[in-house]
Amino acid sequence: MSTTLPSLLGRLTWLLAPGRCVLCGLASHRQRDLCDVCEADLPPLIDACPRCALPMAPGMAGPCGSCTLKPPRHLSLQAAASYEDPADLLVQALKFRGLRAAGRVMAEVMYERLPTGALPLDACLLPVPLHPWRQWRRGFNQSSLIAEHLARLGGWRIVTGALRRHRSTRPQSGLSRAARRRNLAGAFRARPGAVPAQIIIVDDVVTTGTTLDVVTGTLLAAGAAGVHAWAFARTPPR
Ligand SMILES: [Zn+2]
Ligand SMILES: [Zn+2]
């Protein structure tokens, strides 16, 4: 087994500051701030449709009936976990408690669970932007944080400045699908010359898929040829 400088540095960091689980608070006994018991509790998506990441009938090859009838504008959506306990706690720890280690852990789980090798090699990561005002209030953009860790793990390039959220929108939770779409209409603007051909949108959670669809439409209109998406979690159907 070869010892590379990053792996040596990783082990050294671990010796100096041992991993502590962001979920249970106990020592993780490994080079990750998530213990293996809590990681095994993160509910994986089983028999998920490769286009919308919602569950299909066991053993069915995708896409699901709804994506066959009306294919989404994005080419694929992969998520590492179902947005249920304790995956939701990890997301909330990052977004509402500002626990940045949770973002790193989410990226590490995504890197291990998602079929990252299946996408074009020249694809660039594009985190879903927050409105500058909301980002200023939170202090960071959770999707950018996850994308930065993913880029470090897999060597992808991150695109910044290609898409911005120029209109602040109401929180999407509690809104119907039609209201979500109205709420987001025209909220994003792309800079045509800055949009790469192959894009992987990165987000923490995909709930109804409205944001993903609006962002995909904006990027395709600005010249993107193919848009895929990775999320840490996917909200299961009610
Ligand atoms: Zn734990
Ligand atoms: Zn589907």
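Just so you know, ligand 1 is whichever comes first in the structure, and atom 1 is the first atom listed for that ligand. Quick caveat, the model's predicted, so the values are computed rather than measured. Position 1 is the first residue of the sequence, and the numbers go up from there.
- Comment: Glu108 does not engage Arg113 in a salt bridge, judged by the lack of any side-chain N to carboxylate O separation of less than 4.0 angstrom.
- Using a 4.5 Å heavy-atom cutoff, the side chains of Thr116 and Met110 are not in contact.
- Rounding to 10°, one obtains 110° for the angle at the Zn ion (ligand 2) between SG (Cys49) and SG (Cys67).
- Between Arg181 and Asp213 a salt bridge is recorded (basic side-chain N to carboxylate O distance below 4.0 Å).
- Rounded to 10 degrees, the SG-metal-SG angle spanning Cys64 and Cys52 at the Zn ion (ligand 2) equals 110°.
- Atom CZ of Arg191 sits in a sparse spot, with 12 or fewer heavy atoms from other residues, nucleotides or ligands closer than 6.0 Å.
- In this structure, SG of Cys38 and SG of Cys24 enclose an angle of 120° at the Zn ion (ligand 1), rounded to 10°.
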